[in-house]
Amino acid sequence: AQTVTQSQPEMSVQEAETVTLSCTYDTSESDYYLFWYKQPPSRQMILVIRQEAYKQQNATENRFSVNFQKAAKSFSLKISDSQLGDAAMYFCAYRSAVRPGQGNLIFGKGTKLSVKP
Amino acid sequence: EPEVTQTPSHQVTQMGQEVILRCVPISNHLYFYWYRQILGQKVEFLVSFYNNEISEKSEIFDDQFSVERPDGSNFTLKIRSTKLEDSAMYFCASSVRKNVDTQYFGPGTRLTVL
């Protein structure tokens, strides 16, 4: 079974600085998708960024980028120029791309990010 | 921008009562999902639904749970006889296709079982 591990329960960053959130996963599958979702205090899950495992290029969305290391099964999220609105719980998630019926997301436990003014 | 909506935002019920949580997925999406998040814990998959039937379900989704698409827009999760441990945030999500596409989440329904 696939698992997703986020080893940092909490992180803190100064406004305008850069922070990296860690995520590792375990799978025997060759094709899959990885996601970072943000959950602010309002509790809604918002997609931050998505990475297809078959793509070597790291995904980027404005201030958010990932470092995808397929061999190491690592998928970290880098937030540049952190803003107060980035404060939230961040969840790393995995989804199979090969097994029929396996459309569900598998989440890590999350990292709570605080942004200091 | 289209979004997934859920009602109610907060539901309080007595143990043993039935509850129905409602979701309106994004209109052109074909796959629908329910997840739950017990306070302080990770988000867990419950069930996925496609073409008016369950596509897959987790071990959490036992006989107390059921899902339905009663009309062309709503997608519901019913818990027949709620337990204290059903207290959680329930998220609905939808996607155009299953394995390929991003799942978009609704704002969640907080269920409190007393």
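Everything numeric here is computed off the predicted structure, so don't read it as measured data.
- Shown here is Tyr104(B), whose OH atom has no more than 12 heavy atoms of other residues, nucleotides or ligands within 6.0 Å.
- The hydrophobic clustering, which links ILVMFWY residues whose side-chain heavy atoms are closer than 4.5 Å, places Ile79(A) and Val66(A) together.
- With hydrogens and angles ignored, the 3.5 Å screen pairs no side-chain donor or acceptor of Tyr33(A) with any backbone N or O of Thr102(B).
- Following chains of ILVMFWY side-chain contacts shorter than 4.5 Å, one cannot reach Val4(B) starting from Leu21(B), and the two form parts of different hydrophobic clusters.
- Hydrophobic clustering of Ile, Leu, Val, Met, Phe, Trp and Tyr side chains at less than 4.5 Å, counting indirect connections, keeps Val24(B) apart from Phe105(B).
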If you look only at distance, which donor and acceptor atoms sit under 3.5 Å apart when one is on a side chain in residues 7-18 of chain A and the other is two or more places apart or in another chain?
{"residue": "Gln8(A)", "atom": "OE1", "partner": "Ser22(A)", "partner atom": "N", "Å": "2.8"}
{"residue": "Gln8(A)", "atom": "NE2", "partner": "Ser22(A)", "partner atom": "OG", "Å": "3.4"}
{"residue": "Gln14(A)", "atom": "NE2", "partner": "Pro117(A)", "partner atom": "O", "Å": "3.0"}

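- Atoms CD1 and CD, from Ile106(A) and Glu44(B) in turn, are 12.0 Å apart once rounded to the nearest 0.5 Å.
- Within 6.0 Å of CG in Asp63(B) there are 12 or fewer heavy atoms belonging to other residues, nucleotides or ligands.
- Using non-hydrogen atoms only and a strict 4.5 Å limit, no part of residues 73-84 of chain B faces chain A.
- Contacts of residues 107-114 of chain B with chain A at a heavy-atom distance below 4.5 Å involve Pro107(B), Arg110(B), listed in sequence order.
- When all heavy atoms are compared, the tightest approach of Gln103(B) to Asn104(A) is NE2-CA, 4.3 Å.
- With rounding to the nearest 0.5 angstrom, the OH atom of Tyr37(A) is 11.5 Å from the CZ atom of Phe91(B).
- Taking a 6.0 Å sphere around CD of Glu85(B), one finds it holds more than 12 heavy atoms contributed by other residues, nucleotides or ligands.
- Heavy atoms from other residues, nucleotides or ligands lying under 6.0 Å from CG of Asn62(A) number 12 at most.
- Listed by sequence position, the residues of residues 9-17 of chain B in contact with chain A number zero, using a 4.5 angstrom heavy-atom cutoff.
- Gln39(A) touches chain B through its side chain: at least one heavy atom from C-beta onward sits under 4.5 Å away, while N, CA, C and O do not.
- Once rounded to the nearest 0.5 Å, the distance linking CE of Met45(A) with CE of Met89(B) reads 10.5 Å.
- Hydrophobic clustering (side-chain heavy atoms under 4.5 Å, transitive across Ile, Leu, Val, Met, Phe, Trp, Tyr) groups Phe32(B) together with Phe61(B).
- Tyr94(A) and Leu46(B) fall into different hydrophobic clusters, defined by Ile, Leu, Val, Met, Phe, Trp and Tyr side-chain heavy atoms under 4.5 Å apart, directly or through other members.
- Atom NZ of Lys57(B) sits in a sparse spot, with 12 or fewer heavy atoms from other residues, nucleotides or ligands closer than 6.0 Å.
- Between Phe45(B) and Phe107(A), a ring centre-to-centre spacing not shorter than 6.0 Å is recorded.
- Counted within 6.0 Å of NZ on Lys109(A), heavy atoms from surrounding residues, nucleotides or ligands total 12 or fewer; the atom is thus considered open.
- For Leu105(A), the parts lying under 4.5 angstrom from a heavy atom of chain B are both the backbone and the side chain.
- Atom OG of residue Ser95(B) and atom CZ of residue Arg95(A) lie 6.5 Å apart, to the nearest 0.5 angstrom.
- By the neighbour-count criterion of 12 heavy atoms within 6.0 Å, atom NZ of Lys70(A) is densely surrounded, having more than that number from other residues, nucleotides or ligands.
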